[in-house]
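Right, one structure below, let's go through it.
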Amino acid sequence: MNDGVLSIGVQQNILKHIKIVIDAGHGGKKTGAVGCLGGIEKDMNLKNAKDLKNEIQTKGDDVVMTRKSDKYVSLNDRVNYAISKHGIIFISLHMNSIPESADPNTHKGTGTYYYTDFSKPLAENIQTETVKSLGTKDNGITQASFAVIRPTEYVGVLVETAYMVNPEDVELYKSKDFFKKVAIGVARKITLLHVVL
């Protein structure tokens, strides 16, 4: 690996022998956001992660998860695990929240975050395909210094799939095919990426 710097080109190639790390946000004592109908973010993130793992594996790619059950995993442990497994792509899955004083009707949709410049193309493509698959409002991509996507050892993005408290988003994530649609959207672009080390 060249100083941990990766360049990504979108090509019509299926990844082979590339380790993909899927990170279900929160877990255990860290519940994450709570929806207006009582849904708990950590549970939704795990369901999302499992569906994405299954979707990617059908393409023949190598996938590991930072957590497979409802347990607490620190941010440092998530990063160290990904690096120890020689992960090349790191996808962290979350559901979005807002401050109590904010109007839930004005916050909805899907957004994707990246930190390193070489992660930006992946963020752009995952954002486009996930919004297309879900039919959510497109909140675009944002550069942000989140601990799990800062490392230069892998290409990392964090996806906020929908808002926990927005009425329109609630209808979407309560539908039985929501998590499958997230998985299809994210996996579609991962499996079309050619990663040049």
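If you chain together hydrophobic residues whose side chains sit under 4.5 Å apart, F179 and M65 fall into the same group. Under the 4.5 Å side-chain heavy-atom criterion for Ile, Leu, Val, Met, Phe, Trp and Tyr, I83 and V21 are members of the same hydrophobic cluster. Cluster annotation: L158 is connected to Y81 through the hydrophobic network of ILVMFWY side chains, with a link wherever side-chain heavy atoms come within less than 4.5 Å. Taking hydrophobic clusters as Ile, Leu, Val, Met, Phe, Trp and Tyr residues chained together by side-chain heavy-atom distances below 4.5 Å, V170 does not share a cluster with V131.
Atom CD in E160 sits 10.0 Å away from atom OG1 in T142 (nearest 0.5 Å). The distance from the NZ atom of K47 to the CE atom of M95 is 13.5 Å, given to the nearest 0.5 Å. From N166, atom CG reaches atom CD of E171 across 10.5 Å, with rounding to the nearest 0.5 Å. For the atom pair OG1 of T128 and CG of D138, the computed distance is 6.5 Å after rounding to the nearest 0.5 Å. Separating the OG1 atom in T110 from the CD1 atom in I141 is a distance of 14.0 Å, to the nearest 0.5 Å.
Side chains of E124 and Q127 form no contact here, defined as non-hydrogen atoms less than 4.5 Å apart. Counting heavy atoms from C-beta outward, V157 and Y113 have side chains that stay 4.5 Å or more apart. Put simply, the side chain of M164 does not reach to within 4.5 Å of the side chain of N96, judged on heavy atoms. Looking at heavy atoms from C-beta onward, I98 lies in side-chain contact with V165 at the 4.5 angstrom threshold. Considering only heavy atoms from C-beta on, T31 stays 4.5 Å or farther from E41 through its side chain. Between D23 and L93, every side-chain heavy-atom pair lies at or beyond the 4.5 Å cut-off.
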Y173 vs T161, side chain to side chain contact (heavy atoms under 4.5 Å, CB included): CA-CA, chis, key distance, verdict
CA-CA 9 Å; Y173 72 68; T161 56; over 6 Å; no

Which is it for L134 and V182 under the side chain to side chain contact (heavy atoms under 4.5 Å, CB included) test, yes or no, and what are the steps along the way?
CA-CA 7 Å; L134 287 174; V182 172; 3.7 Å; yes

Applying side chain to side chain contact (heavy atoms under 4.5 Å, CB included) to I91 and L122, what does each step give before you reach the verdict?
CA-CA 10 Å; I91 311 293; L122 179 61; 4.2 Å; yes

Report the C-alpha separation of I18 and D62 in whole Å, then their side-chain angles, then the decisive distance to 0.1 Å, and conclude whether the side chain to side chain contact (heavy atoms under 4.5 Å, CB included) test is met.
CA-CA 6 Å; I18 297 295; D62 192 2; over 6 Å; no

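The side chain to side chain contact (heavy atoms under 4.5 Å, CB included) with K19 is formed by just one residue from the set V64, V63, D61; it is V64.
The shortest heavy-atom contact between H94 and N45 is CA-OD1, 3.2 Å. Shortest non-hydrogen contact noted between L75 and A147 is CD1-CB, 4.0 Å. The two residues A187 and I56 have their closest heavy-atom pair at CB-CG1, 3.9 Å. Contact between L172 and T136 at its shortest, heavy atoms only, is CD1-CG2, 3.4 Å. What you find for R78 and A24 is that their closest heavy atoms are NH1-O, 2.8 Å. Closest approach of R67 and D70 over heavy atoms only: NH1-CA, 3.8 Å.
Taking the ring axis of Y163 as reference, the NZ or CZ atom of K108 does not stay both within 45° of it and closer than 6.0 Å to the ring centre.
A donor-acceptor pair under 3.5 Å links the side-chain atoms of N80 to the main chain of N76, judged by distance alone. Distance alone, capped at 3.5 Å, is enough to place a donor-acceptor pair between the S119 side chain and the G156 backbone.
Taking the six-membered ring for Trp and the full ring otherwise, the centers of F146 and Y115 sit at least 6.0 Å from each other.
With a 6.0 Å radius and a threshold of 12 heavy atoms from other residues, nucleotides or ligands, N105 has its CG atom above the threshold.
Between the side chains of S133 and T130, not a single donor N or O lies within less than 3.5 Å of an accepting N or O. For K50 and N48, the side-chain atoms include no donor-acceptor pair closer than 3.5 Å. In summary, the side chains of D177 and S175 do present a donor paired with an acceptor at a separation below 3.5 Å, with no hydrogens or angles considered. Side chain to side chain, S145 and R150 meet the donor-acceptor criterion of an N or O pair below 3.5 Å.
For the pair K180 and D51, the salt-bridge criterion is not met [side-chain N within less than 4.0 Å of a carboxylate O].
Using a 30° and 60° split on the angle between ring planes, Y154 and F90 fall in the parallel class, below 30°.
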